[in-house]
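Just so it is clear, the structure is predicted and the values come from calculations on it, not from any experiment. Index from 1, following the sequence. All heavy atoms count here, side chains included; hydrogens, waters and symmetry mates do not.
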Amino acid sequence: MKKELQDALLECETDIQGSIQRFYGNEDIYISYLKTFPDEPTMKLLRQSIEDHQWEEAFVTAHALKGLAGNLGFIPLYHALGELVVMLRAGKYGAVDQLYEQTEICYDEIVKAIRNRLN
């Protein structure tokens, strides 16, 4: 992995080594997933389902994105999505907007780090 990409991911508190281990130690596969992450549609679906107050869809989408973030080692994004999932599961929709904003900040940071180093 290029040092510039590694540094950017570490700055975003990414668990690079743990993630590569989840990809059976294959760094090339991990990087291929990193490359596709910025264009992966789940975040857009989450945003739309929250805007439309489609809470069940928001829950399912947030949960899926949480799994993806966890597998890729995006720790702050994983935790932000975890809090969002808990509130959606509990039906506490008043907290969703604030939690989504935090999620979006974490997401934007990681996407920026990836796009600036891989494109």
Query raised in the report: Hey, what do you get for CZ (Phe23) to CG (Asp28), rounding to the nearest 0.5 Å?
Result: 12.0 Å
Query raised in the report: Any side-chain heavy atom of Met1 sitting closer than 4.5 Å to one from Leu9?
Result: yes
Report task. Is it possible for you to say whether Val111 and Leu68 belong to one hydrophobic cluster, with membership spreading through side-chain heavy-atom contacts below 4.5 Å? Result -> yes
**Report entry** Test side chain to side chain contact (heavy atoms under 4.5 Å, CB included) applied to Ala69 - qualifying residues, sequence neighbours left out
**Finding:** Phe74, Leu77, Tyr78, Leu81
Query - Pairwise side-chain contact, Arg117 with Asp7, heavy-atom cut-off 4.5 Å (strictly under) - result: no
**Report entry** Gap separating the CD1 atom of Ile50 from the CD atom of Glu57, nearest 0.5 angstrom
**Finding:** 10.5 Å
Report summary line: In this structure, CD of Glu56 is separated from OG1 of Thr61 (nearest 0.5 Å) by 9.5 Å
Requested in this report: Please name the pair of heavy atoms, one in Arg22 and one in Asp15, separated by the smallest distance, quoted to 0.1 Å.
Outcome: NH2-OD2, 4.3 Å
Query raised in the report: Got a second to check how far Gln6's CD is from Ile31's CD1, nearest 0.5 Å?
Result: 9.5 Å
**Report entry** ILVMFWY cluster, Ile114 and Ile75 together (side-chain gap under 4.5 Å)
**Finding:** no
Query raised in the report: Are side-chain heavy atoms of His53 and Val96 found at a separation under 4.5 Å?
Result: no
Query raised in the report: Of the options Leu5, Thr14, Ile16, Ile110, which is the one that meets Leu34 in a side-chain contact (heavy atoms from CB on, under 4.5 Å)?
Result: Leu5
Query raised in the report: For Glu11, does the CD atom have more than 12 heavy-atom neighbours from other residues, nucleotides or ligands under 6.0 Å away?
Result: no
Query raised in the report: Of the non-hydrogen atoms in Ala8 and Ala113, which two are nearest, and what is the gap between them?
Result: CB-CB, 3.9 Å
**Report entry** Considering all heavy atoms, the nearest Ala80-Cys106 contact
**Finding:** CB-SG, 4.3 Å
Requested in this report: Answer yes if Met87 and Ile105 sit in the same cluster of Ile, Leu, Val, Met, Phe, Trp and Tyr residues linked by side chain heavy atoms under 4.5 Å apart, and no otherwise.
Outcome: no
Query raised in the report: Does Glu40 reach the side chain of Thr36, with side-chain heavy atoms less than 4.5 Å apart?
Result: no
Requested in this report: Kindly assign one of parallel, tilted or perpendicular to the pair Tyr93 and Trp55, based on the angle between their ring planes and the thresholds 30° and 60°.
Outcome: parallel
Report summary line: Here the gap from Thr42 atom OG1 to Arg47 atom CZ, rounded to the nearest 0.5 Å, amounts to 11.5 Å
Query - Side-chain ion pair, Asp39 and Arg115, N-O less than 4.0 Å - result: yes
Query raised in the report: Does the ring pair (Phe, Tyr, Trp, His ring centres under 6.0 Å) test come out yes or no for Tyr100 and Tyr107, once each step is laid out?
Result: CA-CA 10 Å; Tyr100 176 76; Tyr107 175 84; 9.2 Å; no
Query raised in the report: Linking I/L/V/M/F/W/Y whenever their side-chain heavy atoms sit closer than 4.5 Å, directly or via other members, would Val86 and Val60 fall into one cluster?
Result: yes
Requested in this report: Give, for atom CG of Leu84 and atom NZ of Lys66, the distance between the pair rounded to the nearest 0.5 Å.
Outcome: 10.5 Å
